[in-house]
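Contents: one structure, followed by commentary.
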Amino acid sequence: MNNPIPDLDPRLRQRYQLARELAEEAAGKGLEFYRKRVSLKVEHKAGDQQDVVSIADRELELFIRDGLQQAFPEDGILGEEGGAQNLDASFVWVIDPIDGTACFLNGLHNWCVSIGLLQEGEPCLGVIADPNHAELFHGVRGHGAWVNDEPLSASEAQHVREGLTGVGTFHPEGKQHFMPFLQGLLDEGGMFMRNGSGALMTAYVAAGRLIGYYETRLKSWDCLAGLVLVQEAGGRCNDFLRGEGLLEGNPYLVAGASVYDQLSRLVGPSLDG
Ligand code: 2AM
Ligand code: CA
């Protein structure tokens with residue numbers, strides 16, 4: 001695999017290389033599960049009928065965790081399925097083996113593997129692999145972001161009417177903010193879409209395909225990799241990691257720099273409250 005960043009700190013270079021390899025391998029394994037999804041047993045998390053998980057999520061997370069731990073046993077890891085370990089380490093991986101699990105299990109092509117990395121608490125690299133569309137989004141803080149070999153650049157829209165805004169909400173918390181936001185967006189002449197994967201919609205903001213993306217509440221493994229991409233693509237994000245954001249999640253907004261303030265106003269005080 002090409003390394004687009006020749007002058008990278010060796011500690012980051014090795015981790016960037018491994019993250020891209022593991023994400024692509026896990027995405028390939030994910031595709032094999034996806035093709036036989038009708039035979040996978042589906043479980044519901046904590047009694048929430050919409051929050052689903054299968055053996056595919058668990059096996060892919062184990063695969064990624066094993067790969068990271070073998071190469072960097074000193075690093076911490078936080079994963080959607082396997083929980084947290086060693087979060088005081090300098091480098092902490094934040095992984096979602098399948099983001100868009102409901103899509104995955106229902107035969108919709110909007111799911112991906114997301115691997116992000118914190119260095120001293122700051123997002124420093126992100127990799128998102130989408131095997132259905134043969135796209136690998138990847139980037140390193142301060143060095144740029146790409147989809148495959150193409151540089152990412154966030155939208156230059158100045159008003160929500162100029163493009164599509166990704167949206168999302170989820171049980172059990174925060175959904176009361178969803179309809180007021182949609183109403184405001186439509187009143188301003190904007191339009192929405194929801195594809196079911198927070199990581200992919202974040203990557204699409206970095207790529208300028210969506211002008212922004214608002215989710216009433218997201219978990220860190222859904223967006224941490226994407227945050228690096230948006231920032232490197234010239235976009236903006238809210239202070240998602242504030243408070244207990246890493247472990248508990250927070251409201252979430254990413255957008256092109258010139259439309260961010262308008263979207264933030266449409267969300268209102270709940271965004272950073
Ligand atoms: P998942 O597919 O990894 O579960 C879509 O709106 C986004 O919501 C997806 O990224 C999905 O991630 C995420 N999601 C699923 N369950 C959630 C929950 N209980 N709280 C917050 N986000 C959730
Ligand atoms: Ca997941």
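Here the structure is a predicted model, which is why all the values come from computation and not from measurement. Read the numbers this way: they start at 1 and go in the same order the structure lists the ligands and their atoms. FYI, the numbering just counts along the sequence from 1.
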Parallel, tilted or perpendicular: rings of Tyr34 and Phe104 (30°, 60°): tilted
Any side-chain to backbone donor/acceptor pair from Asn148 onto Leu136? Under 3.5 Å, distance only. yes
Does ligand 1 come near enough to Ser197 that some N or O of the ligand is less than 3.5 Å from an N or O of the residue? no
Those atoms of ligand 1 less than 4.0 Å from some heavy atom in Gly196: 5 (C), 9 (C)
Under 4.0 Å, heavy-atom basis, I'd like to know which part of Ile98 is in contact with ligand 1: side chain, backbone, both or neither. backbone
Considering heavy atoms of the protein only, find what lies nearest to atom 4 (O) of ligand 1 and give residue, atom and distance to 0.1 Å. Glu80 OE2, 3.7 Å
Shortest protein contact, atom 13 (C) of ligand 1 (heavy atom only): Asp222 OD2, 3.7 Å
I need the nearest protein heavy-atom contact for atom 20 (N) of ligand 1: residue, atom name and distance, please. Lys219 NZ, 4.1 Å
Nearest to atom 21 (C) of ligand 1, what protein heavy atom do you find, and at what distance? Arg217 O, 3.7 Å
Could you list the atoms of ligand 1 found under 4.0 angstrom from a heavy atom of Asp96? 3 (O)
Should one rank Trp221, Tyr213, Phe170 by closest heavy-atom distance to atom 17 (C) of ligand 1, which comes out on top? Phe170
Please confirm whether Phe72 and Phe91 have ring centers closer than 6.0 angstrom. no
Test of proximity, Gly198 against ligand 1: N or O pairs below 3.5 Å: yes
Tell me whether the Ca ion (ligand 2) has Asp222 as a neighbour, meaning an N, O or S atom of it below 3.0 Å. no
Determine whether a donor-acceptor pair (N or O, by modelled atom type, separation under 3.5 Å) exists between the side chain of Asn238 and the backbone of Pro251. yes
Would you confirm whether the ring centroid of Tyr204 sits within less than 6.0 angstrom of the ring centroid of Tyr213? no
N, O or S atom within Asp96 nearest to the Ca ion (ligand 2), by name: OD1
Just do the side chain to side chain donor-acceptor pair (under 3.5 Å) check on Gln262 and His159 with the steps written out, would you? CA-CA 7 Å; Gln262 185 185 17; His159 193 281; 3.2 Å; yes
Residue and atom name of the nearest protein heavy atom (relative to atom 19 (N) of ligand 1), distance in Å to one decimal: Asp51 OD2, 3.2 Å
Are any of the heavy atoms in Arg194 under 4.0 Å away from ligand 1? yes
Would one find an N, O or S atom of Ile98, in either backbone or side chain, under 3.0 Å from the Ca ion (ligand 2)? yes
Do the charged groups of Lys36 and Glu32 touch, with an N to O distance under 4.0 Å? no
Pick, from Asp99, Asp57, Thr202, the option with the minimum heavy-atom distance to atom 11 (C) of ligand 1. Asp99
Is Asp99 reaching over with its side chain to a backbone N or O of Gly198, donor-acceptor style, under 3.5 angstrom? yes
Please report the C-alpha distance between Asp66 and Gln70 in whole Å, then the side-chain angles of each, then the deciding distance to 0.1 Å, and finally whether the side chain to side chain donor-acceptor pair (under 3.5 Å) criterion is met. CA-CA 6 Å; Asp66 274 0; Gln70 273 178 32; 5.3 Å; no
Indicate the ring-plane relationship of Tyr214 and Phe181, choosing parallel, tilted or perpendicular according to the 30° and 60° boundaries. tilted
Strictly distance-based, threshold 3.5 Å: is any side-chain N or O of Asn250 a donor or acceptor partner for the main-chain N or O of Leu241? no
Ligand 1 versus Glu215: contacting region, heavy-atom distance under 4.0 Å: side chain
Subset of ligand 1 atoms that lie under 4.0 Å from at least one heavy atom of His171: 18 (C), 19 (N)
Looking only at distances, can you tell me whether any N or O atom of Gly100, backbone or side chain, sits closer than 3.5 Å to an N or O atom of ligand 1? yes
Suppose we only count N/O/S atoms under 3.0 Å; would Glu80 qualify as near the Ca ion (ligand 2)? yes
Backbone of Val254 reached by a side-chain donor or acceptor of Arg236 within 3.5 Å: no
